There are 2 protein chains.
Amino acid sequence: MNTQDLPANILDPNCPSRVIFQRIGDKWASLVIQVLGEGPVRFSELRKMVSVVTPKVLTQTLRALERDGLITRTVHAQVPPRVDYELTAMGESLLQPLSLLREWAESHVPTILEARDAYDDAQDEALLGSPSWAGRTGLPRG
Amino acid sequence: MNTQDLPANILDPNCPSRVIFQRIGDKWASLVIQVLGEGPVRFSELRKMVSVVTPKVLTQTLRALERDGLITRTVHAQVPPRVDYELTAMGESLLQPLSLLREWAESHVPTILEARDAYDDAQDEALLGSPSWAGRTGLPRG
DNA sequence: GCTATCAGTATCTATTGGATACCTTTGACT
DNA sequence: AGTCAAAGGTATCCAATAGATACTGATAGC
């Protein structure tokens, strides 16, 4: 669904689906949605649960999600104020895809940490142990 | 799997799963992985397919994915150089969760665009049409 | 009065992302 | 011999974003 009304395609930089995909993949947005999966939460609670996010960035994230129709924001005119955030139906429909990703991340932690160690060791070795003409390209240096 | 070896939990800021989750949700990383789902691709091809990414950022993304063991980088010692990027088995295991998210994004494009329009209209109206004492909080201003 | 509560802003700085130019080697072309 | 193109990046500089910190505002309770 780009300007030419072709089918949505994330690889097309002009396609809104790409922007939306990146909004979902935002650093904080996906965490917020998963927290709200349990039910409505107020601002300060959200801040504690999605630690460590600064209020400015949390506000930005929430506004963006609200604009996209994924959450609602309800203000109770009290003092001190109470503002509840809650998933919309569309927001809830994101929970399942997100939880799959979350499970993937949580289950692959050990493997990825090992891969990082191996990579970092290889880097160190390349810097310290090998002759200076052996670069990453496999070709001689200039 | 945090420093105390508790079960992985994305909501714990000390848990590596959180970092990994955010790496997946990186602006370009997930697109790269989806492109590589078709098979090995060389740098310049990748740049065209994942437009519009600058070479610096693409390099950073690829290095990070390589470090995490999600892709491999193979250099063919030719001139001009040829470098192929390819998913590892772990990288391939990410394809399914990611494609779900992609399908979600592509299918919700119209609804989200409508929500944005509605939100923006409401904002304009609030700014232009309503009395100045009616803020977002529902409480009087100071 | 003074303080606490809650939901944010305002301000400033550090980090990241992006645009652009440039580098390297070698074969093909002139 | 000189020049250009190709591929996979770096280097450099500037803009946008994220983050740290301080602060606002109304009111209830002490």
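As the structure is a computational prediction, the values presented were derived from the model and not from experiment. Throughout, a chain's letter reflects where its sequence line sits, starting with A, and its residues are numbered from 1.
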Checklist entry - Closest to the A:Arg73 side chain: D:dG8, C:dG8, C:dT5? => result C:dG8

Checklist entry - Of the nucleotides C:dT25, D:dG19, C:dA7, which one has an atom closest to the side chain of B:Val79? => result C:dT25

Checklist entry - On DNA chain D, nearest-nucleotide positions of A:Asp26 versus B:Arg42: which is more 5'? => result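 The 5'-side residue here is B:Arg42.
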
Checklist outcome for this item: The residue, B:Val83 or A:Val53, whose nearest nucleotide of DNA chain D is more 5′ is B:Val83

Just how far, in rounded Å, is [atom2] of [N] from [atom1] of [X]?
X       : N      : atom1 : atom2 : value
B:Glu45 : D:dG9  : CD    : P     : 14 Å
A:Gln78 : D:dG29 : CD    : P     : 13 Å
A:Arg82 : D:dA26 : CZ    : C1'   : 18 Å
B:His76 : C:dT26 : NE2   : C1'   : 18 Å
B:Phe43 : D:dT10 : CZ    : P     : 8 Å
B:Leu58 : C:dG17 : CG    : P     : 13 Å

Checklist entry - Want to settle it: does A:Pro80 or A:Leu62 sit nearer the 5' end of DNA chain C, counting the closest nucleotide to each? => result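 It is A:Pro80, whose closest nucleotide lies nearer the 5' terminus.
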
Checklist entry - With nearest nucleotides of DNA chain C determined for B:Gln60 and B:Pro55 from heavy-atom distances, which residue corresponds to the more 5′ nucleotide? => result B:Gln60

Checklist entry - Given side chains that start at C-beta, do those of B:Tyr85 and B:Val32 come closer than 4.5 Å, heavy atoms only? => result no

Checklist entry - Heavy atoms, side chains only, cut-off 4.5 Å: are A:Thr74 and A:Val83 in contact? => result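 With C-beta onward as the side chain, the pair stays apart.
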
With a 4.0 Å limit, can you tell me whether [X] has a side-chain N or O closer than that to the phosphate oxygens OP1/OP2 of [N]?
X       : N      : answer
A:Tyr85 : C:dG8  : yes
A:Trp28 : D:dG19 : yes
A:Arg63 : C:dA7  : no
A:Lys27 : D:dT17 : no
A:Lys56 : C:dA7  : no
A:Ser44 : C:dA7  : yes

Enumerate donor-acceptor pairs with a distance under 3.5 Å from any side-chain N or O in residues 53-60 of chain A to protein atoms, sequence neighbours excluded.
from	atom 1	to	atom 2	distance (Å)
A:Thr59	OG1	A:Pro55	O	2.8

Next on the checklist: Show, in sequence, the C-alpha distance, side-chain angles and deciding distance for A:Arg116 and B:Asp68, and conclude whether the salt bridge (Lys or Arg N to Asp or Glu O under 4.0 Å) test is met.
Outcome noted: CA-CA 5 Å; A:Arg116 285 186 185 176; B:Asp68 284 355; 2.6 Å; yes

Next on the checklist: At 4.0 Å (heavy atoms only), tell me whether A:Arg47 reaches a base, stays on the sugar-phosphate, or touches nothing.
Outcome noted: nothing

Checklist outcome for this item: When rounded to the nearest 0.5 Å, the distance separating CG of B:Leu31 from CE of B:Met49 is 11.0 Å

